[in-house]
Amino acid sequence: KVQLVESGGGSVQAGGSLRLSCTASRFPHDDATMGWYRQPPGSDCEMVSTITSDGAATYADSVKGRFTISRDKANTVYLQMSDLKFEDTAVYYCAADRFLVRVPDGECWTADFGYWGQGTQVTVSK
């Protein structure tokens with residue numbers, strides 16, 4: 001069974017930094033893409049960043065220049081978040097699939113594709 005375990009969430013003041021980590025127990029695909037989504041309070045699920053097995057990364061416009069995604073050969077993906085803003089407050093979810101291009105409708109946890117972690121809370125205070 002594929003399991004994704006996230007860590008690194010927490011509370012920080014605006015302008016601060018946090019680093020999220022997510023480790024996958026195993027993958028059904030050697031070339032799986034990994035990524036991060038988030039669920040802001042009262043808002044729909046958003047795609048934050050993805051990275052392929054070759055290291056090609058994508059970012060939402062709202063986080064470009066502030067967040068950096070990376071992964072190692074042990075199927076661990078990281079999200080370095082800097083210059084955090086109040087609007088970055090959300091539950092952050094790690095996901096993995098052959099391709100990550102879709103965004104779940106509404107709630108991230110209702111995703112009908114890929115493999116997902118349990119979510120980790122990030123709270124940014126003004």
Calculate, to the nearest 0.5 Å, the distance between atoms CZ and OG belonging to Arg71 and Ser53 respectively.
-> 6.0 Å
Under 3.5 Å, side chain of Thr120 to main-chain N/O of Tyr92, donor-acceptor pair present?
-> no
Is a side-chain donor or acceptor of Thr33 paired with a backbone partner of Phe99 at a separation under 3.5 angstrom?
-> no
Salt bridge (Lys or Arg N to Asp or Glu O under 4.0 Å): pairs with one or both residues in residues 36-46, sequence neighbours excluded = Arg38-Glu46, Arg38-Asp88
Applying salt bridge (charged side-chain N to carboxylate O under 4.0 Å, His left out) to Asp31 and not counting sequence neighbours gives Arg98
In chain order, what residues pass the salt bridge (charged side-chain N to carboxylate O under 4.0 Å, His left out) check against Asp105, with sequence neighbours excluded?
-> none
Using modelled atom types only, decide if a donor and an acceptor are shared between the side chain of Glu87 and the backbone of Ser62 within a distance under 3.5 Å.
-> no
Residue list, side-chain hydrogen bond (donor to acceptor under 3.5 Å, both in side chains) with Ser49, at least two apart or on another chain = none
Could I get the full list of side-chain hydrogen bond (donor to acceptor under 3.5 Å, both in side chains) partners for Thr123, not counting sequence neighbours?
-> Gln121
Which residues pass the side-chain hydrogen bond (donor to acceptor under 3.5 Å, both in side chains) test with Lys1, sequence neighbours left out?
-> none
Give a yes or no on whether Phe113 atom CZ has more than 12 heavy-atom contacts from other residues, nucleotides or ligands under 6.0 Å away.
-> yes
Say you draw a straight line from OG of Ser70 to CE of Met34; how long is it, rounded to the nearest 0.5 Å?
-> 10.5 Å
Thr58: side-chain hydrogen bond (donor to acceptor under 3.5 Å, both in side chains) partners, not counting sequence neighbours | Thr50
Interatomic distance, Asp72 atom CG to Thr23 atom OG1 [nearest 0.5 angstrom] | 7.5 Å
For Asp97, the salt bridge (charged side-chain N to carboxylate O under 4.0 Å, His left out) test, sequence neighbours excluded, returns none
Could you tell me the separation between the CD1 atom of Ile51 and the CG atom of Leu100, rounded to the nearest 0.5 Å?
-> 11.5 Å
Residues two or more places apart in sequence or in another chain: which of them pass salt bridge (charged side-chain N to carboxylate O under 4.0 Å, His left out) with Glu6?
-> none
Measure the shortest side-chain to side-chain distance between Thr89 and Pro40 over non-hydrogen atoms and say whether it is less than 4.5 angstrom.
-> no
Of all the heavy-atom pairs spanning Val122 and Met81, show the shortest one and how long it is.
-> CG2-CE, 3.9 Å
Output every pair passing ring-ring contact (aromatic ring centres under 6.0 Å, His included) with a member in residues 30-78, not counting sequence neighbours, ordered by first then second residue.
-> Tyr37-Trp116
Check residues 9-19 and write down every donor-acceptor pair under 3.5 Å in which the side-chain atom is one partner and the other belongs to a residue at least two apart or another chain.
none

Salt bridge (Lys or Arg N to Asp or Glu O under 4.0 Å) partners of residues 107-126, not counting sequence neighbours, each pair once = Arg102-Asp112
Connected via hydrophobic side-chain network under 4.5 Å: Met47 and Val63 | no
Which pair of heavy atoms, one from Leu4 and one from Ala24, lies closest together, and at what distance?
-> CD2-CB, 3.2 Å
